[in-house]
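The residues of the chain are indexed from 1 along the displayed sequence. Order of listing sets the numbers, starting from 1, for every ligand and every atom in it. Keep in mind the model is a prediction, meaning the values are calculated, not measured. Just so it is clear, the values below take in all heavy atoms, side chains as well, and ignore hydrogens, waters and symmetry mates.
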Amino acid sequence: MRTPLVIGNWKMHGNLARNRMLFTSLTLGLRDLQQVDIAICVPFPYLGQAQLLLSGTNIAWGAQNVSQFEEGAFTGSISAEMVADFECRFAIIGHSERRALSHESDQSAANRFVQTLHAGVTPVFCVGETGAERDAGLAKSVVGKQMRTLLDSLVSENLALAGRLGAVFSYEPVWAIGTGKHASPAEAQEMHAFIRNLIAARAPEFATASRILYGGSVNAGNAASIFAMPDIDGGLVGRSSLDADSFRQVCEAAQQPMRASAAL
Ligand code: PEP
């Protein structure tokens with residue numbers, strides 16, 4: 001049985017004072033949720049603040065990217081080892097905003113995934129198609145290529161590490177991110193099953209254990225129906241993670257009893 005997981009992605013929002021208030025509301029508001037794993041991925045400068053304020057709570061923290069290189073002359077970049085120094089549990093890898101705005105390729109996302117594993121941090125590997133690609137009937141070929149580039153880059157040592165660290169995948173249709181539109185539960189389920197089958201073709205036991213999140217305008221109103229799908233193990237949540245009440249409702253929707261009853 002896979003424990004549901006909800007990860008908030010704060011993107012480039014926040015400052016020390018606002019974060020402190022949000023961390024306080026989140027730690028108080030989420031402390032009784034026991035059947036869902038919860039994490040928040042904050043901007044790099046606030047990893048220390050997250051470590052300070054979330055240590056000892058039921059909320060883990062993480063980064064939103066890492067360099068594809070181990071170390072060296074890469075001004076402005078942050079390595080996986082550096083985020084590991086802040087006891088990050090997770091690092092988001094290959095988010096569509098990185099792929100589009102910073103031209104990160106499928107191969108560089110795969111390299112980042114490997115760096116993250118080697119630093120002992122759990123990667124949250126994002127894949128997804130644009131609206132134009134979906135309209136052209138290319139959704140599975142785009143997601144398939146992103147996944148295969150990753151899977152082909154993983155030697156057996158990396159696969160073992162990914163299994164041990166509980167590597168996470170996230171289907172995030174680009175047309176649904178920050179738009180208020182979301183994939184229907186059936187559309188999302190179809191893609192999640194496709195992703196799980198791709199993983200299974202490479203490593204069957206890893207596929208069964210891997211958590212595959214859905215991301216793209218998840219909110220308090222739509223979370224329960226999306227999370228009720230059998231291959232959807234929780235969410236990667238942008239906008240709704242910036243409001244403690246909304247985020248709590250999304251986390252509640254991911255808890256197993258509600259998930260089971262929603263599926264009936
Ligand atoms: C995201 O940032 O990964 C995301 C899914 O954002 P939103 O929930 O705002 O669509």
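Partners of L16 under the side-chain contact (heavy atoms from CB on, under 4.5 Å) rule, at least two apart in sequence or in another chain, are Y46, Q49.
A heavy-atom distance below 4.5 Å is not found between the side chains of L53 and W61.
Residues lining ligand 1 at a heavy-atom distance below 4.0 Å are given as N9, K11, H95, E172, A176, I177, G178, G215, G216, S217, L236, V237, G238, R239, ordered by chain and residue number.
For residues 151-174, the side-chain hydrogen bond (donor to acceptor under 3.5 Å, both in side chains) pairs, not counting sequence neighbours, are H95-E172, Q107-S153, H118-N158, E129-Y171, R134-Y171. For residues 195-205, the set of pairs meeting the side-chain hydrogen bond (donor to acceptor under 3.5 Å, both in side chains) definition, not counting sequence neighbours, comprises R196-D231, R196-D233.
Without hydrogens or angle criteria, T116 side chain to P123 main chain gives no donor-acceptor distance under 3.5 Å.
Residue I226 is grouped with residue V237 when hydrophobic side chains (ILVMFWY) are merged at heavy-atom distances under 4.5 angstrom, including chains of intermediate members.
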